[in-house]
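Predicted model, so just to flag it, every value in this text is computed and none were measured. Counting begins at 1 with the first residue of the sequence. Because only heavy atoms are used, hydrogens play no part in the values below, and waters and symmetry mates are left out as well, while side chains stay in. Start at 1 and go down the list; that is how both ligands and their atoms are numbered.
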Amino acid sequence: MLIDQHGRQLTYLRLAVTDRCNLRCRYCMPEEGIAFAPREALLNYDEILFLCGVLAEMGVTKVRLTGGEPLVRRDLPVLVRGLGELFPRLAMTTNGILLPRYLDELAAAGLTTFNISLDTLRPERFFQITRRDNYTETLAALDLVVERGYRAKVNVVVMRGVNDDELVDFVELTRDRPLDVRFIEAMPFNDDDGNHDVFLSYDAMLRQLLETYPTLEQTTAQGGSAVTFAVPGYRGKVAIIPAYSRSLCGSCDRLRLTPRGTMLNCLYSTQGLELLPLLRAGIPRDELEELIRQYVHGKYATGQETERREQQGNVFASMTSIGG
Ligand SMILES: Nc1nc2c(ncn2[C@@H]2O[C@H](COP(=O)(O)OP(=O)(O)OP(=O)(O)O)[C@@H](O)[C@H]2O)c(=O)[nH]1
Ligand SMILES: C[S@@+](CC[C@H](N)C(=O)[O-])C[C@H]1O[C@@H](n2cnc3c(N)ncnc32)[C@H](O)[C@@H]1O
Ligand code: SF4
Ligand code: SF4
């Protein structure tokens, strides 16, 4: 089992398979992109599956594919088939653009839970936020996933003065559809990303929701990445993710693997365990397991503590290097 020094068991791996993306969301990546990893700097599928086999034996039961945009990595369904043999729970976070093309193959491989990122329901605003013109495709992906009966969540990064006038429109999506709409705090990850300027806190979002929906009920105890609510009578749920406030760290069960093969024990970690060179040097499995065990054990109590102890200046050019 993977247990940290605070007694939390880590059972959930967020696997970022690429740092590339077909969008350029302003809160995530600079317009010109970043210095993307060349192919040889990425973990290949054999390496990913080997590592995942080790982690499955150490108690990881759930994997979420993320990125960058996971669906731009070539032959992704091949990887998903391999992961499907290792883990009972497989999920993906995606911008949806390529999802209709791969949905059947992914579902056959065991992937039936999709978090789709969509920050606005207005086409012209979609272009302003993502710098690309794919509103129709993203919406079509969401419709398709719901129509096929798969579990779907909609991720909305809320930005003050940009899309914070759309919270009610998003909640209304849950009236007749079994969707979770999740409002996410915009997380600053370096000094230049502009996310401080548009930040709207968990508390401010909740206040805004209660003005229109005074009967909003909290439906979960705190846990996972979100606090979940429901409007009585609506089919779906509404949630808020305190990505920056970090109020849910006490029950954190997450471990991350970056596209370049670095293990991170927190979203706010910058000094991870670099596994790619170790794998390529042929590290014996028992030594690898011991290193992972020690690294996980050192996980700090909160994201704030991780940030305080580890971050030195602008380390990440983009959220795509971490996977969110
Ligand atoms: N602070 C913090 N934020 C997180 C963490 N995991 C996810 N988030 C935030 O939540 C956003 C949405 O994450 P998703 O990729 O949809 O995954 P998830 O919320 O873990 O999804 P579930 O498995 O459905 O709970 C991310 O972009 C982050 O901003 C976490 O461990 N810590
Ligand atoms: C990095 S993306 C990768 C997966 C996929 N490309 C997508 O957008 O769904 C994962 C999640 O992180 C969120 N995200 C990216 N940058 C963020 C930021 N600065 N603050 C909060 N969430 C962010 C995205 O909205 C998305 O829901
Ligand atoms: S949030 Fe997702 S879709 Fe948007 S740029 Fe980042 S990786 Fe791409
Ligand atoms: S900030 Fe770090 S410790 Fe807190 S929930 Fe996120 S990954 Fe876990």
Considering only the protein, which heavy-atom contact is closest to atom 21 (C) of ligand 2, and what is its distance?
Glu185 O, 3.4 Å
Aromatic ring pairing Phe229/Tyr202, orientation class (parallel under 30°, perpendicular over 60°, tilted between):
tilted
In terms of residue, atom name and distance, what is the protein heavy atom nearest to atom 20 (N) of ligand 2?
Met187 N, 2.8 Å
Within a strict 4.5 Å, meaning less than it, do heavy atoms of the Arg89 and Tyr12 side chains meet?
no
Can you name the atoms of ligand 4, numbered from 1 with element, that are less than 4.0 Å from a heavy atom of Lys299?
3 (S), 8 (Fe)
Have a look at ligand 1 and work out which part of Tyr12, if any, has a heavy atom under 4.0 Å from it: side chain, backbone, both or neither.
side chain
Between Tyr300 and ligand 4, which residue portion shows a heavy-atom distance shorter than 4.0 Å: side chain, backbone, both, or neither?
neither
Tell me if the aromatic rings of Tyr135 and Phe127 count as close, with their centers under 6.0 Å from one another.
no
Region of Leu248 engaging ligand 1 - heavy atom pairs below 4.0 Å:
neither
Ligand 4 contact by Gln304, heavy-atom criterion under 4.0 angstrom
no
Record the part of Met319 in heavy-atom contact with ligand 1 below 4.0 Å; permitted values are side chain, backbone, both and neither.
neither
Are any of the side-chain heavy atoms of Leu275 and Leu257 separated by less than 4.5 Å?
yes
Checking heavy-atom distances from atom 24 (C) of ligand 2 to each of Ser117, Cys25, Ser321, Cys28, the winner is Ser117
Is a side-chain N or O of Thr130 found less than 3.5 angstrom from the main chain of Arg132, in a donor-acceptor match?
yes
List every atom of ligand 1 that sits less than 4.0 Å from any heavy atom of Ile184, numbering the atoms from 1 in the order shown and giving each element.
11 (C), 12 (C), 29 (O)
Could you see which bit of Glu307 sits under 4.0 Å from ligand 4, with heavy atoms only: side chain, backbone, both or neither?
neither
Could you see which bit of Met92 sits under 4.0 Å from ligand 1, with heavy atoms only: side chain, backbone, both or neither?
neither
Taking non-hydrogen atoms only, is Asn155 closer than 4.0 angstrom to ligand 1 via side chain, backbone, both or neither?
side chain
Counting from 1 in the order shown, the ligand 4 atoms closer than 4.0 Å to a non-hydrogen atom of Leu267 are 2 (Fe), 7 (S)
Tell me whether Asn195 has any N or O atom under 3.5 angstrom from an N or O of ligand 2.
yes
Sub-3.5 Å N/O-N/O distance, Tyr268 and ligand 1
no
Hey, is ligand 1 close enough to Glu185 that some N/O pair sits below 3.5 Å?
no
Can Ala243 be said to touch ligand 2, with heavy atoms closer than 4.0 Å?
no
Suppose we only count N/O/S atoms under 2.8 Å; would Cys249 qualify as near atom 8 (Fe) of ligand 4?
no
Taking the non-hydrogen atoms of Arg246, is any one of them nearer than 4.0 angstrom to ligand 4?
yes
Please find out if atom 2 (Fe) of ligand 4 and some N, O or S atom of Cys252 are separated by less than 2.8 Å.
no
Is it the side chain (CB and beyond), the backbone, both or neither of Arg182 that lies under 4.0 Å from ligand 1, heavy atoms counted?
side chain
Under 3.5 Å, N or O to N or O, is Arg246 touching ligand 1 that way?
no
Which pair of heavy atoms, one from Met263 and one from Tyr295, lies closest together, and at what distance?
O-OH, 3.3 Å
Below 4.0 angstrom from a heavy atom of Arg14, which ligand 1 atoms are there? Numbered from 1 as shown, please.
6 (N), 7 (C), 13 (O), 14 (P), 15 (O), 17 (O), 18 (P), 20 (O)
Among protein heavy atoms, which sits nearest to atom 11 (C) of ligand 2, and what does the distance come to when rounded to 0.1 Å?
Thr93 CG2, 4.2 Å
Closest non-hydrogen atom pair between Ala152 and Leu142, with its separation:
CB-CD1, 4.5 Å
